[in-house]
Structure formats: structure tokens, C-alpha cells
Amino acid sequence: MADEGTAQRRNESASAHASVRVEFVPAEKMPDGCNVVLLNVGGAHVVAVRERQMTEDLRAEVNELLEGVVACGLWPPHPVDTETPRSRPH
């Protein structure tokens with residue numbers, strides 16, 4: 001089992017390399033029937049949200065929350081290695 005220092009270094013390393021954010025995407029660039037998809041763009045995780053489906057204030061709050069999740073080593077839960085959207089129609 002890893003000691004506390006090893007676990008902390010691992011979390012710091014993951015945080016230094018992980019990135020996640022919410023971005024608004026024009027409807028014509030989103031998959032049909034989806035308002036939200038997860039993408040990997042240049043190594044960063046992007047939560048793509050169809051324009052006008054989320055307020056700017058909510059986007060800013062979610063981005064702040066995601067920064068905290070990355071900083072404490074909880075993101076990413078698993079690697080995403082494609083720019084193809086993983087989506088579920090609503």
C-alpha cells in the first residue's frame with residue numbers, strides 16, 4: 001500500500017496534467033439529440049454543452065467546481081483518448 005506522501009505526489013502529478021472545462025458549442029456542431037458530450041481536445045477534457053442550454057453563470061460555477069475536482073486528484077476518472085463525442089441522447 002502506498003504511503004501518504006506517495007499518494008499526495010500521485011495526486012499532485014495527476015492535477016498538473018489533468019484539465020477539464022465546460023465550453024458552449026453551436027447546435028450545428030453537436031450530435032443530434034444531445035445537449036452535453038464529453039470530448040478530449042488536445043489532451044484536455046471538455047464538457048461540450050449546446051449553446052443556450054446553460055447560463056454563463058452556471059458554466060462559470062461548474063468550471064470552478066471542476067478545477068477543485070482536478071486539484072484534489074479526482075479527475076479524470078479514466079482516460080479519454082478520442083475527440084469523438086461520447087454521448088447519450090436525452
Side-chain angles (χ1 to χ4, degrees):
M1 176 174 257
D3 66 10
E4 188 174 310
T6 301
Q8 182 177 355
R9 283 188 301 277
R10 188 174 298 138
N11 285 344
E12 289 169 356
S13 176
S15 296
H17 300 295
S19 173
V20 60
R21 68 185 180 276
V22 175
E23 290 187 4
F24 295 134
V25 177
E28 61 272 8
K29 293 188 176 187
M30 292 290 290
D32 290 339
C34 295
N35 287 322
V36 177
V37 293
L38 179 62
L39 305 171
N40 180 342
V41 178
H45 292 77
V46 176
V47 180
V49 176
R50 185 183 301 267
E51 285 180 329
R52 292 183 288 284
Q53 297 301 312
M54 174 186 265
T55 67
E56 179 59 37
D57 287 343
L58 180 57
R59 186 194 67 81
E61 286 185 49
V62 171
N63 277 334
E64 186 175 315
L65 175 70
L66 291 172
E67 287 175 14
V69 170
V70 168
C72 69
L74 296 174
W75 187 274
H78 52 78
V80 176
D81 59 4
T82 178
E83 292 190 18
T84 303
R86 291 183 3 218
S87 61
R88 294 184 313 198
H90 59 280

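Atoms considered below: every heavy atom in the structure, side chains included; atoms not considered: hydrogens, waters and symmetry mates. Heads up: numbering here begins at 1 and tracks the sequence.
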When rounded to the nearest 0.5 angstrom, what distance separates CG in Leu38 from NE2 in His45? 6.0 Å
Sequence neighbours excluded, which residues qualify as side-chain hydrogen bond (donor to acceptor under 3.5 Å, both in side chains) partners of Glu67? none
Listed by chain and number, what are the side-chain hydrogen bond (donor to acceptor under 3.5 Å, both in side chains) partners of Glu56, not counting sequence neighbours? Arg59
I'd like to check the salt bridge (charged side-chain N to carboxylate O under 4.0 Å, His left out) partners of Glu23; sequence neighbours left out, ordered by chain and number. Arg21
Closest heavy-atom contact between Val37 and Met30? CG2-CE, 4.1 Å
At what distance, to the nearest 0.5 angstrom, does CD of Glu51 lie from CG of Asn35? 12.0 Å
Taking side chain to side chain contact (heavy atoms under 4.5 Å, CB included) as the test, write out the residues that go with Leu65, two or more places apart. none
Does the side chain of Val49 reach to within under 4.5 Å of the side chain of Val25, using non-hydrogen atoms? no
Residues in side chain to side chain contact (heavy atoms under 4.5 Å, CB included) contact with Ala27, at least two apart in sequence or another chain: Arg50
Can you check side-chain contact (heavy atoms from CB on, under 4.5 Å) on Val20 and Val69, steps first, answer last? CA-CA 9 Å; Val20 60; Val69 170; over 6 Å; no
